[in-house]
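Numbers restart at 1 for each chain; the letters A, B, ... are given by sequence-line order, proteins then strands.
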2 protein chains.
Amino acid sequence: MTQDDYTKKDDFDLLDFLPYLLNRAAEESSLEFQNVYNDRYGMLRTEWRVLFHLGIYGELTATEIGERAKIHKTKVSRAVNKLEARRFLARARSEADRRVEQLTLTPIGLSVYRELRGIAQQYDAKLAAMFSAEETAVLRKMLRRLADIG
Amino acid sequence: MTQDDYTKKDDFDLLDFLPYLLNRAAEESSLEFQNVYNDRYGMLRTEWRVLFHLGIYGELTATEIGERAKIHKTKVSRAVNKLEARRFLARARSEADRRVEQLTLTPIGLSVYRELRGIAQQYDAKLAAMFSAEETAVLRKMLRRLADIG
DNA sequence: GCTTAATAGTTGATTTTGTAACTAACAAGA
DNA sequence: TCTTGTTAGTTACAAAATCAACTATTAAGC
């Protein structure tokens, strides 16, 4: 069933409204990758994001992860707990400031990260292949600006 | 704090990964509008989406809304309940098929829809103004394809 | 040093979502 | 008509997100 099956009583088009469109595109394009990390490792979205941050940057505190990924500290805290329970990461209390915990991936966590990273790269390539290289580059640039991480 | 403050141990760039980028852009670009419908009418995301569908298309069943907006029927059901409790919509049992309910906005619901629609249009224009007209047109087109509603 | 404020992170209560099972109504075939 | 299957929508229970309050530690002003 497509949009054309319906007669509009109103000129407003939801499918031109950027926040709606962005959310729909985000949901749709995340589905496949979500199934992988969820089915294979029982991870949630916040958990793979934390895992990836540690995989990419090596050692971070919960606060740093929260700032960089715009995730609330309670969500980070719970994600860290789950990843620790699965032995994907280890905590080390900072000597300089004993409130702080330095987080790093364990060898297991690192290998999980590497597997998921490979899948992410493949999947990203698949999405990018829907468009020309130039179009995709422009899309990424625009999305970074919209996400305010540009 | 920007990305450059961190040294990467890994070549993978989260800020190039389309599903991540789309989600971040979607969250960021929805925030302002979300505050309006939430603060002003205590509505949730699913609720404004249902409201807008009825405002645009005039009369739909819960199932039709779910199909068009890709919202699960339990979420639609609960959103319809809340909108009905606030007297924003009315249900009418279908004569032809007594399982079905035809949903329409009440005059109150319609005026709320019209107000939010105006705000949405303004806000969309503000987002679009971050780019050239051509760029924005390309963005919308690409997002529709990614969202599989092209 | 002592008080007050700020920060890192956790926990608990409430709300919202997700999954599955459910009721009610229709449809199709023997 | 009497299964059997399907569809519309709701409800119950479990999982997760949100928000506020909390502990522990550090920093700042006096």
Side-chain angles (χ1 to χ4, degrees), chain A residues 1 23-24 26-28 30-31 34-35 37-39 41-51 53-54 59-86 89-104, chain B residues 1 23-24 26-28 30-31 34-35 37-39 41-51 53-54 59-86 89-104:
Chain A
M1 193 182 284
N23 273 288
R24 291 285 307 266
E27 283 163 25
E28 187 72 25
S30 301
L31 255 177
Q34 187 171 11
N35 285 337
Y37 62 72
N38 202 304
D39 295 353
Y41 298 108
M43 295 202 322
L44 301 173
R45 196 158 59 149
T46 306
E47 290 162 37
W48 83 256
R49 288 189 181 185
V50 169
L51 187 88
H53 276 268
L54 294 173
E59 181 176 68
L60 294 170
T61 68
T63 299
E64 286 168 338
I65 295 172
E67 280 169 358
R68 292 182 58 65
K70 283 216 182 153
I71 304 172
H72 193 272
K73 60 181 181 174
T74 61
K75 274 171 95 171
V76 175
S77 174
R78 283 167 171 139
V80 167
N81 270 325
K82 284 207 185 156
L83 292 171
E84 189 193 28
R86 293 198 179 96
L89 66 75
R91 316 159 101 115
R93 187 65 69 177
S94 164
E95 288 301 319
D97 183 342
R98 304 192 43 69
R99 290 170 301 183
V100 172
E101 283 179 337
Q102 296 294 336
L103 306 170
T104 46
Chain B
M1 195 182 283
N23 273 288
R24 291 287 305 268
E27 283 163 26
E28 188 69 27
S30 299
L31 255 176
Q34 187 171 11
N35 285 336
Y37 62 71
N38 201 304
D39 296 352
Y41 298 109
M43 297 205 317
L44 301 172
R45 195 157 60 150
T46 306
E47 289 161 37
W48 84 255
R49 287 188 182 184
V50 168
L51 186 88
H53 277 268
L54 294 172
E59 182 177 68
L60 294 169
T61 68
T63 299
E64 286 167 340
I65 295 172
E67 281 169 357
R68 292 184 57 66
K70 283 216 181 150
I71 303 173
H72 194 271
K73 61 180 180 174
T74 61
K75 271 172 97 172
V76 176
S77 174
R78 291 194 259 241
V80 167
N81 270 324
K82 284 206 185 156
L83 292 171
E84 189 193 28
R86 294 197 177 98
L89 67 75
R91 316 157 100 114
R93 188 64 71 179
S94 163
E95 287 302 318
D97 183 342
R98 304 192 41 69
R99 291 171 300 184
V100 172
E101 284 178 336
Q102 296 294 336
L103 305 171
T104 47

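Listed nucleotides C/dT16, D/dA17, C/dA6 differ in distance to B/Leu44; the shortest reach to its side chain belongs to C/dT16. Of the candidate nucleotides C/dT17, C/dA25, D/dA17, C/dA25 has the atom nearest to the side chain of B/Asp97. The A/Val100 side chain lies nearest to C/dA8 when the options are D/dA17, C/dA8, C/dT10. When distances are taken from the side chain of B/Glu101 to each of C/dT7, D/dG9, C/dT10, the shortest belongs to D/dG9. The side chain of A/Thr74 sits closest to C/dT10 out of D/dA8, D/dT25, C/dT10.
With a 4.5 Å cut-off on side-chain heavy atoms, B/Val100 and B/Asp97 count as touching.
Counting to the nearest Å, the P atom of D/dT10 and the CG atom of B/Leu103 are 9 Å from each other. Following rounding to the nearest Å, B/Lys73 (NZ) and D/dA8 (P) show an atom-to-atom distance of 8 Å. As a whole-Å value, the separation of A/His72 NE2 from C/dT15 P is 18 Å. Between the CZ atom of B/Arg98 and the C1' atom of D/dT6 there is a distance of 19 Å, given to the nearest Å. Atom CZ of A/Arg93 and atom C1' of D/dT23 are 11 Å apart (whole Å). Separating the CZ atom of A/Arg45 from the P atom of D/dA16 is a distance of 13 Å, rounded to the nearest angstrom. As rounded to whole Å, 10 Å separates atom P of D/dT11 from atom CZ of B/Arg78. The CD-P distance, from B/Glu67 to D/dA8, rounds to 7 Å in whole Å.
Summarising the geometry of A/Val50 relative to A/Ala79, their closest heavy-atom pair is CG2-CB, 4.1 Å, with the distance given to 0.1 Å.
Checking B/Asn38 against B/Arg45 by side-chain atom types alone, no donor-acceptor pair falls below 3.5 Å. Side-chain polar atoms of A/Asn81 and A/Arg86 form no donor-acceptor pair below 3.5 angstrom.
Residue contacts for A/Thr61: at a heavy-atom cut-off of 4.0 Å it reaches the sugar-phosphate backbone alone, with no base atom in range.
Note that CD of B/Glu101 is 9.5 Å distant from CG of B/Leu89, once rounded to the nearest 0.5 Å.
Comparing A/Ala96 and B/Val80 by the nucleotide of DNA chain D that holds the closest heavy atom to each, the one mapping nearer the 5' end is B/Val80.
For the OP1/OP2 pair of D/dT10 and a distance below 4.0 Å, the side-chain nitrogens and oxygens of B/Arg91 include at least one atom meeting the criterion. Between A/Ser77 and C/dT10 there is a side-chain N or O to OP1 or OP2 distance below 4.0 Å.
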